[in-house]
Protein chains: 2
Amino acid sequence: MTVQMSEDDPAEAILARVHARGGAPTIYDIAELAGVNPSTVSRALGKPGRISAATAAKVRAAAERLDFRVNPMARALQTGKTKMIGLVLADITNPVVFGIVRGAEHAAAEAGYTLVIAESQESGENEAEAIERLLPSVDALVLATTRLAASAITGIAEHKPVILMNRAVDGIRSVLPDVEAGIIELLDHLAGLGHRSVAFLAGPDSSWISARRWSTILAAAVARDMAIVEIGPNAPTIAGGRAALPRVRAAQVSAVIAYNDLMAIGLMQEAASVGIPIPDRLSVTGFDDIFGSELISPPLTTVGADLAAAGRQAVERLLDPEDAQPAPLPTQLIVRGSTGPAPRA
Amino acid sequence: MTVQMSEDDPAEAILARVHARGGAPTIYDIAELAGVNPSTVSRALGKPGRISAATAAKVRAAAERLDFRVNPMARALQTGKTKMIGLVLADITNPVVFGIVRGAEHAAAEAGYTLVIAESQESGENEAEAIERLLPSVDALVLATTRLAASAITGIAEHKPVILMNRAVDGIRSVLPDVEAGIIELLDHLAGLGHRSVAFLAGPDSSWISARRWSTILAAAVARDMAIVEIGPNAPTIAGGRAALPRVRAAQVSAVIAYNDLMAIGLMQEAASVGIPIPDRLSVTGFDDIFGSELISPPLTTVGADLAAAGRQAVERLLDPEDAQPAPLPTQLIVRGSTGPAPRA
DNA sequence: TTGTATGCGTTATCAC
DNA sequence: GTGATAACGCATACAA
């Protein structure tokens, strides 16, 4: 019966006991197997240099043998750090967030953090609730396009590190696109095509970035002696874009700058359905360069930003104790088929 | 100095102490303020009926006053339940996942759970790593279109409840679309348009659902006396679809069923770039009805599924102890412009 | 109904 | 370098 050594194998015995109590192996189990104190196990696994190579090896072997994984809850209880980062989104189904989520998830994973996400569905109430729910479990929070009042945000920031995306609040860090650069390019592009009268299709009233874009567009248009009007507020969705067409027609402009690609797409769809040719009768542009913008016909001219880079930057900065506000993320005009020469009056 | 009562307010004193130690209020703080034992606080907050209405009210008031929130880590350590659900995705930027994530997040939030997500980037190694990282912190796991070996999945399921999306493994629960129904509709549609020779653009070799779709299509095509060929494997992306065009042309079929919408879109883009008119020379269809499918020109005929419902069902079933495998999720053919009459030979 | 005592698994603070 | 022990915040079996 020489094969039966497994019964004498101390590891097997411990494993059996672990299984019996229906849990996972702990540092006590490892300590027993390795013949050391639990605290030594903790150190061997957690602090590289502070233990002799020999015992470290023993411990590691035992841990491997028992398939040990630290209990993140127990660690968090002791250290106060959960190694989790919360990401609060207004609307998961808006393609802009894909890139943000991916960038954030990667940066988090690289730093050994886990990303937990919550969606507010464009509702301030849901958002407050979601944050409330997330806050105790995370070490830090990314608030993307939040609708919260500045005071609420400041309040949260007193508890945990917070970073804002697409919004600025005094005293809170934020990752922002370089709106200026892309908008200058865009207006030069439109001016070059002969457009003299342009509308900005605004996003929701609560959108900080929409207001920011509008004021930049306003200044740039005035500087170029173009007529500019703001139409809004609108829902930042395809439906919002569709619903805005009548007001766009009424404004008798030759070009429309939508607050985001979704609205631009909706506007184009509605225009197509009533027989307005784009770009021949109306030029349309958006922001973000989401998935779908180059799919639509004609493909959308838009001011793109690297959303994945934005998501990545958000969590990297959150994790960096000596983080300084960096330059805004570059944006660039992507000229496609939805803009063309202004129709002759 | 009557206004100075705050200094005598016991709540203020406790709050100050809490702030000084730099943490959050605990049930001990509440207990002190309410003049009861910590365990009573725990019960009052956790078990509705088991406490007298009077003390329950006292405790609640104190908790409110101190802005108390239970520490999820401490609770998890004691109960073994983290109230978190892990969602592992192959590719966050694939639009199919939007719906899944939204449905899963909502179902989780409704049940008081938090959704934590990880992305494997279509790599089995990353996936194993991500699961490894998530496993200790979650109560249950949703594996969406996983590439893991069946044995690995079974191994995970021994530790925590697992549910699969778009894949079936013996002994593991799964949420599956009713592939059959949609495919029957699709082939009837193509047959009605006169298509006699069709190709299936397969997904990756490791995709269970691709194999499932292929075998169903094969049987349905044979039953209709249509010629059918499988072309693949292909990357389940736009690039994968584009790259497949030469093989599609070589096959001299009049219609292509792509494994998913992304591939169908890629194929159409490539066809457009070499001047093949769709659907006049070639009909193209996909699966999933992702965002973008109706945007592209011509809009894509596809077998759609309610992805949000799928995501929702996944976490609801995960949380339901007496869950029985329900009927597969309904799918339906969505006829748009990318399919048309077969060209006359 | 409420209080007492203990344990969850880990890290941190002491000793030695 | 390593061991013993306390502490993190909460839940629960047991007493009262």
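Chain letters run A, B, ... following the sequence lines, proteins first and then strands; every chain starts at 1.
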Determine whether B/S52 and B/T55 satisfy the following criterion, side-chain hydrogen bond (donor to acceptor under 3.5 Å, both in side chains), listing intermediate values before the conclusion.
CA-CA 6 Å; B/S52 89; B/T55 45; 2.8 Å; yes
Is any N or O donor-acceptor pair between the side chain of A/Q78 and the base of C/dG9 shorter than 3.5 Å?
no
Check DNA chain D against residues 17-47 of chain A and give the residues with a non-hydrogen atom under 4.0 Å, in numerical order.
A/V36, A/N37, A/S39, A/T40, A/R43
Whether A/R21 side chain and A/A24 backbone form a donor-acceptor pair below 3.5 Å:
yes
Between B/R312 and B/E105, is there a salt bridge with N-O shorter than 4.0 Å?
no
Donor-acceptor under 3.5 Å (B/K160 side chain, B/L135 main chain)
yes
Verdict with supporting geometry, B/F68 and B/I27, side-chain contact (heavy atoms from CB on, under 4.5 Å)
CA-CA 8 Å; B/F68 170 81; B/I27 56 171; 3.7 Å; yes
Contact under 4.0 Å: B/T79 side-chain N or O vs C/dC8 OP1/OP2:
no
Check this for me, if you would: do B/D29 and B/R65 make a salt bridge, where the nitrogen-to-carboxylate-oxygen distance has to be below 4.0 angstrom?
no
Which parts of residues 53-77 of chain A get close to DNA chain D, meaning a heavy atom less than 4.0 angstrom away?
A/T55, A/L77
Any donor-acceptor pair under 3.5 Å from A/E127 side chain to A/R147 backbone
yes
If I take atom CZ in residue A/R50 and atom P in nucleotide C/dT13, what distance separates them, rounded to the nearest angstrom?
11 Å
Chi angles and distances behind the side-chain contact (heavy atoms from CB on, under 4.5 Å) call for A/R133, A/I131:
CA-CA 5 Å; A/R133 202 162 44 79; A/I131 293 174; over 6 Å; no
